Amino acid sequence: MTKFAEVAVALPMDRIFHYSIPLNLSEDMKVGKRVFVPFLNRAMVGYCVGLTDEADVKNVKGIISIIDKEPILSAEMLKLTRWVKDNYFCSWGEAIAAVIPAGIKKGRETIGSRLKDGEDVLEKFPQSKPHDLMEEQSRALRSVIESVDKHEHKTYLLHGITSSGKTEVYLQAIDHILKSGAQAIMLVPEISLTPQTIERFSSRFGDHVAVIHSRLTAARKFLEWKRIKDGKANIVVGARSAIFAPVRNLGLIIIDEEHETSYKQDDVPRYHARDVAEERAKLNNCPLILGSATPSLESYYKAKTGEYRLIRLTKRVDERLLPKVKIVDMRMELATRRRITIFSKVLLDAVANTLRCGKQAIVFLNRRGFSTFVNCKKCGLVVKCKRCDTVMVYHFDEKKLICHYCNYTAKPPEICPNCKSDYIKYQGLGTEKVESEISHSFPHARIARMDSDTTVKRGSHDRILGKFKSGKINLLVGTQMIAKGLDFPQVTLVGVVSADVSLNIPDFRASERTFNLLTQVGGRAGRGEDGGEVVIQTYTPGHYAILAAAKHDYEKFYHEEIVHRKELLFPPFINLTKVTVRARNDDLAARTAEELREAIKCEGPEMLIAGPSPAPITRMRGYYRYNIMLKNKERLEACALLKKVLGIFRKPHGVLIAVDVDPVQM
Ligand code: ADP
Ligand code: ZN
Ligand code: ZN
């Protein structure tokens, strides 16, 4: 009989704790169950990750009680969470906590009892039939199926232009999985989890589908989790966290839009679902498909160097043409019309033409709000957030200034708080202003706006898209929320108000983001028979990201971008680990960051270290932040080094340190 349980707790301590197992519990104690343990004078939930006959300390405390009748963590999940802990700088307990649904984290055995029996999990949709595949699609499907049947792990990068039928390949691959009695996980970005996507899966597979996303209530999430665990749902469709779905016989993982940054979690554990997926596929000897029209540089590089298998879909379904793209040089517009305009003549004419023909248009700007800054024309003051180094954005609907980083709100000033003049100007451009301006130009258009301001309420997102689908709306203004995955055949025009927004962010991925966004949003045009047109307005018409996007030429973009990455030593050539030191006192934060850098240098003289340098937005929510960047070949090395250094580093009171492996935000 084993005497001690090895217990992980969800605290930032990189170790497990030993507890003795009282006799009356010894039969019941199993690895993978949750337990209550005494911890710092209170009862805490822990996860039993192992059993042993020897304790590592003398005065071992006893387990208070066992929570679960059956283990909630499989051996596979324990392995996977341990991998997360080793790779993403968190404790095993923190990794486990991220894997189980929030509803049962606090130690309740089940929350299922609060749900009515037979509560409908998904709407029912009429059955849809598979399409006859095109040549390229069949070849892709055959390769994947071969790996499935051979139980071999292989990562496929499915690089297919928009509307080339990638999703149809996923659907048929999953169908094969179902027939072979296995299970599949399909990840999509959170914002693509629209009824449209869910309908495509549900209409093909009915009750076999479980859907997991952040808008579900805790009870509903738990129900879905349970259906998967009990083998009642064989297909999991979900956002990032669905990669941890408790399937038992995993045969295939698919990540759609694999380049999306939303696959990276920005809280502890800061994992990247793409990398977790690869590890999980390895553990299960099954293939992983990464799909995208604009693969991440990292994935494409791996495909080029043979680590991934590259599969291309180069033809659009029904031979639909890719939309024609016009780049409008806004500098010329300024010169000829002698005033700053939001819309060029080209774009206005295109919108007019589209509406006249009874078609629909999308107008895209990746910035919400009305005016993006408010300033005094006399002394030059720009209104900033009290807590961040950010400029406050004016929102017309609410008549408020809002900080987009911390949501701090303020009343717009009538006189300048600095020089008391009343020469206050509202400048800069957000979607709210675009909507208002375009409704002046086209008073008869039926306009709606979709961004995170108009979709706060549950269901509003779906409602707007529903109106657009049915034609009640013919002009949709929005942020990146409308750039992804929408398939509306009546949309023949996409206007990009400014391509420069994402190009000017201080991030080594700025060009990549811009190329992706332009390609994705452009792909919304011409999905029907009438073809499509894209108008891109910019002040930097010569930029390679814009030029390549206009030509639909991913290869061209990749070849330019990869040269910069190599020169400047950024991913995919190295792994990046970001250490952020923050404190309310600027000096203290800066000084501690310097000291930490020295400590890292001392322990790991080989490691390439950049910084510390102030974060792009140095002050956030009242904290001053400094970043240290580690660059190295092996992700694990940086993690191990940091665990060692931070284990002995004497951090002054009031200082917080966070480690982000493979950061997607600088
Ligand atoms: P992607 O995921 O690459 O954007 P989809 O799989 O969504 O492309 O396909 C675009 C549209 O074409 C969808 O409406 C889909 O049902 C349809 N489609 C996909 N494959 C075929 C095919 N082989 N024959 C006919 N229609 C297809
Ligand atoms: Zn002033
Ligand atoms: Zn703020």
Side-chain angles (χ1 to χ4, degrees), residues 128-141 158-174 186 188-189 192 194 196-197 199-201 203-204 254-258 289-295 311-320 322 374-393 400-410 413-425 469 483-491 519-529 617-625:
S128 79
K129 292 241 155 52
H131 289 285
D132 289 328
L133 295 185
M134 301 182 295
E135 176 56 32
E136 287 179 330
Q137 284 175 309
S138 330
R139 219 178 307 142
L141 182 65
L158 184 61
H159 177 209
I161 56 176
T162 51
S163 210
S164 58
K166 294 184 289 296
T167 311
E168 187 61 33
V169 174
Y170 307 150
L171 287 166
Q172 299 200 17
I174 291 172
M186 158 102 192
V188 298
S192 329
T194 57
Q196 237 189 347
T197 310
E199 179 176 344
R200 278 186 89 174
F201 282 84
S203 65
R204 196 69 64 87
I254 299 166
I255 303 188
D256 191 30
E257 312 279 6
E258 66 89 27
I289 308 176
L290 305 175
S292 176
T294 54
I311 304 180
R312 281 184 224 272
L313 301 181
T314 58
K315 297 196 177 56
R316 284 188 130 189
V317 171
D318 295 342
E319 320 225 318
R320 285 172 206 157
L322 280 163
V374 177
N375 82 336
C376 166
K377 283 287 163 199
K378 189 148 176 248
C379 73
L381 173 111
V382 175
V383 182
K384 289 196 163 181
C385 174
K386 273 206 172 80
R387 300 189 284 181
C388 313
D389 269 340
T390 51
V391 175
M392 301 285 281
V393 175
K400 269 183 196 158
L401 294 173
I402 303 177
C403 168
H404 283 185
Y405 292 85
C406 74
N407 274 331
Y408 176 77
T409 58
E414 272 154 30
I415 57 163
C416 171
N418 183 38
C419 74
K420 312 288 177 227
S421 94
D422 59 1
Y423 199 16
I424 300 272
K425 277 281 188 189
K469 187 173 187 177
K484 318 284 163 70
L486 305 184
D487 188 11
F488 297 117
Q490 294 301 311
V491 174
T519 306
Q520 298 286 340
V521 75
R524 299 313 110 213
R527 294 176 81 90
E529 281 148 20
I617 297 167
T618 311
R619 196 163 68 109
M620 179 94 90
R621 294 172 197 266
Y623 281 92
Y624 291 86
R625 308 176 307 155

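Start at 1 and go down the list; that is how both ligands and their atoms are numbered. Remember, predicted model here, so these are calculated numbers, not experimental data.
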query = Can Thr162 and Arg316 be counted as having a side-chain donor-acceptor contact under 3.5 angstrom?
reply =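 Indeed, the side chains of Thr162 and Arg316 share at least one donor-acceptor pair under 3.5 Å.
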ask   = Would you say Tyr405 has more than 12 foreign heavy atoms packed within less than 6.0 Å of its OH?
value =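 Open: at most 12 neighbouring heavy atoms sit under 6.0 Å from OH of Tyr405.
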Is there side-chain contact between [X] and [Y], with at least one heavy-atom pair below 4.5 Å?
| X | Y | answer |
| --- | --- | --- |
| Ser164 | Thr314 | no |
| Glu414 | Ile424 | no |
| Gln172 | Gln137 | no |

So which atom in [X] and which in [Y] form the shortest heavy-atom distance, rounded to 0.1 Å?
| X | Y | answer |
| --- | --- | --- |
| Lys378 | Cys419 | CB-SG, 4.1 Å |
| Arg204 | Ser128 | NE-OG, 3.0 Å |
| Lys315 | Met134 | O-CE, 4.1 Å |
| Cys379 | Cys376 | N-SG, 3.3 Å |
| Val317 | Gly165 | CG2-N, 3.9 Å |
| Leu171 | Arg200 | CD2-O, 4.0 Å |

ask   = Going by chain and residue number, what protein N/O/S atoms come nearer than 2.8 Å to the Zn ion (ligand 2)?
value =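 Counting only protein N, O or S atoms under 2.8 Å from the Zn ion (ligand 2), the list reads Cys376 SG, Cys379 SG, Cys416 SG, Cys419 SG.
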inquiry  = I need the contact type for Glu257 against ligand 1. Using non-hydrogen atoms and a strict under-4.0 Å cut-off, is it side chain, backbone, both or neither?
reply    =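 For Glu257, there is no contact with ligand 1 at all, from either part.
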Residue part near ligand 1, for Thr167, under 4.0 Å between non-hydrogen atoms =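 Both backbone and side chain.
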Which ligand 1 atoms, with their elements, are less than 4.0 angstrom from a heavy-atom of [X]?
| X | answer |
| --- | --- |
| Ser163 | 1 (P), 3 (O), 4 (O), 8 (O), 10 (C) |
| Met134 | 23 (N) |
| Asp132 | 22 (C), 23 (N), 24 (N) |

message = Let me confirm one number: the OG1-CE distance from Thr390 to Met620, rounded to the nearest 0.5 Å.
response =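 Between atom OG1 of Thr390 and atom CE of Met620 there are 7.5 Å.
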query = Heavy-atom contact under 4.0 Å between Arg316 and ligand 1?
reply =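 Contact absent.
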query = Going by chain and residue number, what protein N/O/S atoms come nearer than 2.8 Å to the Zn ion (ligand 3)?
reply =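 N, O, S partners closer than 2.8 Å: Cys385 SG, Cys388 SG, Cys403 SG, Cys406 SG.
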query = N/O to N/O below 3.5 Å, does that happen between Gly165 and ligand 1?
reply =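 Yes - when backbone and side-chain N and O of Gly165 are compared with those of ligand 1, one distance drops under 3.5 Å.
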inquiry  = side chain to side chain contact (heavy atoms under 4.5 Å, CB included) for Tyr408 and Arg621? Distances and angles first, verdict last.
reply    = CA-CA 9 Å; Tyr408 176 77; Arg621 294 172 197 266; over 6 Å; no
ask   = Which is closest to atom 16 (O) of ligand 1 in terms of heavy atoms, Gln137, Glu168, His131?
value =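 Among Gln137, Glu168, His131, the closest heavy atom to atom 16 (O) of ligand 1 belongs to His131.
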